[in-house]
Participant: 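Questions regarding the structure given below will be posed in turn.
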Amino acid sequence: MKIATWNINGIRARIDGATKWLADQRPDIVCMQEIKTPDDGFPGLAFAELGYNVATLGQKSFNGVAILSKLRFDEIERGLPGQGDDQSRFIAARFSVPGGSLRVASIYLPNGNPVDSDKYPYKLNWMAQLEAWTAAALGLEEPLVLAGDYNIIPEPTDAKNPNEWEKDALFQPESRGGFRRLIHLGLTDAIRACHDGPGQYTFWDYQAGSWQKNNGIRIDHVLLSPQAADRLSSATIDKRTRGWEKPSDHVPVIIEMEL
DNA sequence: ATGGTAGCGGTGCTA
């Protein structure tokens with residue numbers, strides 16, 4: 001079972017790269033973020049031709065999340081409980097797998113910048129709601145995969161130049177503390193588990209030659225329940241896509257599980 | 001210290 005997450009930064013601008021990548025990697029399930037379109041603008045046909053079922057929680061211009069799956073959707077949950085529906089940032093699905101259920105959530109956690117605006121408390125509140133949802137989901141004691149753009153740099157080793165991020169919402173103590181609270185519920189950070197060390201970046205800004213200088217950060221994460229972590233066989237960051245024509249500023253993170 | 005790029009949508013916001 002191959003599960004991926006990719007902040008696509010506008011699916012309509014990225015459809016060629018996205019279909020090329022899917023045909024190459026053939027993941028079973030893909031979590032997407034920042035599709036930046038309402039549901040009816042999502043290019044479902046292009047993905048259906050590649051054998052994928054599609055569930056979206058879209059939004060005009062901003063945000064928007066989706067799950068693509070070769071497996072049939074048994075259940076779809078749109079929106080994070082306790083949040084309004086003005087920002088589309090959470091969609092979760094349940095699938096039938098041998099021996100029971102698999103749950104997968106596609107998460108687009110708020111950016112939170114600037115820190116002195118109301119966007120920052122919105123981010124922290126959103127994280128608290130995600131923590132509550134996750135605690136309840138973990139109670140089911142099933143394989144659970146929380147994948148997406150968390151907009152959090154967990155540790156200094158997750159940035160090429162951590163000092164550049166000191167005043168940024170992505171690296172504030174409260175943001176990082178919220179991420180640790182999530183982990184301490186019993187989740188495993190798949191990339192950390194498979195590649196402990198610096199340089200595992202998933203995002204390079206479009207500006208100031210960040211990609212050319214490898215000035216990246218790790219903010220796209222795949223977190224696993226114990227039942228999912230026990231089956232984890234690999235976790236990889238597919239950096240190749242950042243060098244493609246018209247790239248997203250994020251690259252895919254892919255895990256493989258023995259399911 | 002500033003400005004550097006990209007998507008959406010048709011201007012300025014978000015990142």
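In what follows, every chain begins at residue 1, and chains take the letters A, B, ... in the order their sequences are listed. Remember, predicted model here, so these are calculated numbers, not experimental data. Side-chain atoms are counted along with the backbone in the values below, which use heavy atoms only and exclude waters and symmetry mates.
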Participant: Mind calculating the distance between NZ (A:Lys123) and P (B:dT14) to the nearest angstrom?
Facilitator: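 Whole-Å distance recorded here is 15 Å.
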Participant: Applying side chain to side chain donor-acceptor pair (under 3.5 Å), can you list everything that pairs with A:Asn215, at least two apart in sequence or on another chain?
Facilitator: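 So A:Asn215 forms a side chain to side chain donor-acceptor pair (under 3.5 Å) with A:Glu164.
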Participant: Can you tell me how far P in B:dT2 sits from the matching atom in B:dA6, rounded to whole Å?
Facilitator: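 The same atom, P, in both gives a distance of 23 Å.
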Participant: Could you pull out all residues at least two apart from A:Phe95 that satisfy ring-ring contact (aromatic ring centres under 6.0 Å, His included)?
Facilitator: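 A:Phe95 satisfies ring-ring contact (aromatic ring centres under 6.0 Å, His included) with A:Phe73 once adjacent residues are dropped.
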Participant: State which residues pass ring-ring contact (aromatic ring centres under 6.0 Å, His included) with A:Tyr150; sequence neighbours excluded, sorted by chain then number.
Facilitator: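 Partners of A:Tyr150 by the ring-ring contact (aromatic ring centres under 6.0 Å, His included) criterion, ordered by chain and then number, come out as A:Phe179, A:His221.
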Participant: How long is the line joining CG of A:Asn9 and P of B:dC13, in whole Å?
Facilitator: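 That distance rounds to 18 Å.
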Participant: So if I take residues 57-66 of chain A and measure heavy-atom distances to DNA chain B, which residues fall below 4.0 Å?
Facilitator: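 Contacting residues: A:Lys60, A:Ser61, A:Phe62.
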Participant: When you match A:Ala13 and A:Tyr108 each to their closest nucleotide on DNA chain B, which lands nearer the 5' end?
Facilitator: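 Nearest-nucleotide comparison on DNA chain B picks A:Ala13.
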Participant: Without decimals, in angstroms, what is the distance between A:Asn113 CG and B:dA15 P?
Facilitator: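 Whole-Å distance recorded here is 8 Å.
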Participant: Tell me whether A:Trp126 is reachable from A:Ile152 by hopping between hydrophobic residues (I, L, V, M, F, W, Y) whose side-chain heavy atoms are closer than 4.5 Å.
Facilitator: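 Same cluster: A:Ile152 reaches A:Trp126 through Ile, Leu, Val, Met, Phe, Trp or Tyr contacts under 4.5 Å.
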Participant: Scan residues 116-136 of chain A for pairs that pass salt bridge (charged side-chain N to carboxylate O under 4.0 Å, His left out), counting only residues two or more places apart or in two chains.
Facilitator: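 Residue pairs passing salt bridge (charged side-chain N to carboxylate O under 4.0 Å, His left out), neighbours aside: A:Glu131-A:Arg181.
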Participant: To the nearest angstrom, how far is A:Glu34 atom CD from B:dA6 atom C1'?
Facilitator: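 Answer to the nearest Å: 11 Å.
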Participant: If you look only at distance, which donor and acceptor atoms sit under 3.5 Å apart when one is on a side chain in residues 46-53 of chain A and the other is two or more places apart or in another chain?
Facilitator:
| from | atom 1 | to | atom 2 | distance (Å) |
| --- | --- | --- | --- | --- |
| A:Tyr52 | OH | A:Pro27 | O | 2.6 |
| A:Asn53 | ND2 | A:Ser69 | O | 3.2 |
| A:Asn53 | ND2 | A:Leu71 | O | 3.1 |

Participant: Using a cut-off of 4.0 Å on non-hydrogen atoms, how would the nucleic acid contact of A:Phe203 be classed: base, sugar-phosphate, or nothing?
Facilitator: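 It contacts nothing in the nucleic acid.
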Participant: Grab the CH2-C1' distance between A:Trp244 and B:dA6 for me, whole Å please.
Facilitator: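 Roughly 19 Å, once rounded to whole Å.
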Participant: With A:Trp211, which residues qualify under ring-ring contact (aromatic ring centres under 6.0 Å, His included), at least two apart?
Facilitator: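 A:Trp211 satisfies ring-ring contact (aromatic ring centres under 6.0 Å, His included) with A:Trp204 once adjacent residues are dropped.
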Participant: What contact category does A:Arg242 fall into here, base, sugar-phosphate, or nothing, at under 4.0 angstrom with non-hydrogen atoms?
Facilitator: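 Nothing, no nucleic acid heavy atom in range.
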Participant: Distance check needed: B:dG4 C1' versus A:Lys213 NZ, whole Å only.
Facilitator: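 Spelled out: NZ on A:Lys213 to C1' on B:dG4 is 9 Å.
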Participant: Filter on ring pair (Phe, Tyr, Trp, His ring centres under 6.0 Å), then keep only pairs touching residues 224-259 of chain A, sequence neighbours left out; what's left?
Facilitator: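 Listed by first then second residue: A:Phe203-A:His250.
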Participant: Which residue pairs pass the salt bridge (charged side-chain N to carboxylate O under 4.0 Å, His left out) test with at least one member in residues 134-151 of chain A, sequence neighbours excluded?
Facilitator: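 Residue pairs passing salt bridge (charged side-chain N to carboxylate O under 4.0 Å, His left out), neighbours aside: A:Arg103-A:Glu142.
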Participant: According to side chain to side chain donor-acceptor pair (under 3.5 Å), who are the partners of A:Ser96, at least two apart in sequence or on a separate chain?
Facilitator: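 With sequence neighbours excluded, A:Ser96 shows a side chain to side chain donor-acceptor pair (under 3.5 Å) to A:Asp74, given in chain and number order.
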Participant: Below 4.0 angstrom, which residues in residues 151-171 of chain A have at least one non-hydrogen atom near DNA chain B?
Facilitator: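 Hits under 4.0 Å, by residue number: none.
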Participant: Could you tell me how far apart A:Ile8 (CD1) and B:dC8 (P) are, to the nearest whole angstrom?
Facilitator: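 Distance, rounded to whole Å: 11 Å.
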Participant: Identify, residue by residue, the members of residues 35-46 of chain A with a heavy atom below 4.0 Å from DNA chain B, and return them in order of residue number, or none.
Facilitator: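 A:Lys36, in order of number.
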Participant: Figure out the CG/C1' separation between A:Asp220 and B:dA15, and round it to whole Å.
Facilitator: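 Distance, rounded to whole Å: 13 Å.
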Participant: Rounded to whole angstrom, note down the C1' distance from B:dC13 over to B:dA1.
Facilitator: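 Their C1' atoms lie roughly 23 Å apart.
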Participant: Which of these nucleotides, B:dC8, B:dA15, B:dG7, is closest to any side-chain atom of A:Arg12?
Facilitator: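 Of the options given, the side chain of A:Arg12 lies nearest B:dC8.
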Participant: For A:Gln25 and A:Lys20, indicate whether the former's side chain and the latter's backbone hold a donor-acceptor pair under 3.5 Å.
Facilitator: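 Side chain of A:Gln25 to backbone of A:Lys20: no pair is present.
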Participant: With the side chain of A:Gln207 defined as its heavy atoms from C-beta on, choose the nearest nucleotide among B:dT14, B:dG7, B:dG4.
Facilitator: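 Comparing B:dT14, B:dG7, B:dG4 against the side chain of A:Gln207, the answer is B:dG4.
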Participant: Taking atom P in both B:dT14 and B:dG10, what distance in whole Å separates the two?
Facilitator: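 These two P atoms come out 15 Å apart once rounded.
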Participant: Under the side-chain hydrogen bond (donor to acceptor under 3.5 Å, both in side chains) rule, what do A:Ser234 and A:Glu256 come out as? Steps first, then yes or no, please.
Facilitator: CA-CA 5 Å; A:Ser234 74; A:Glu256 286 188 279; 3.2 Å; yes
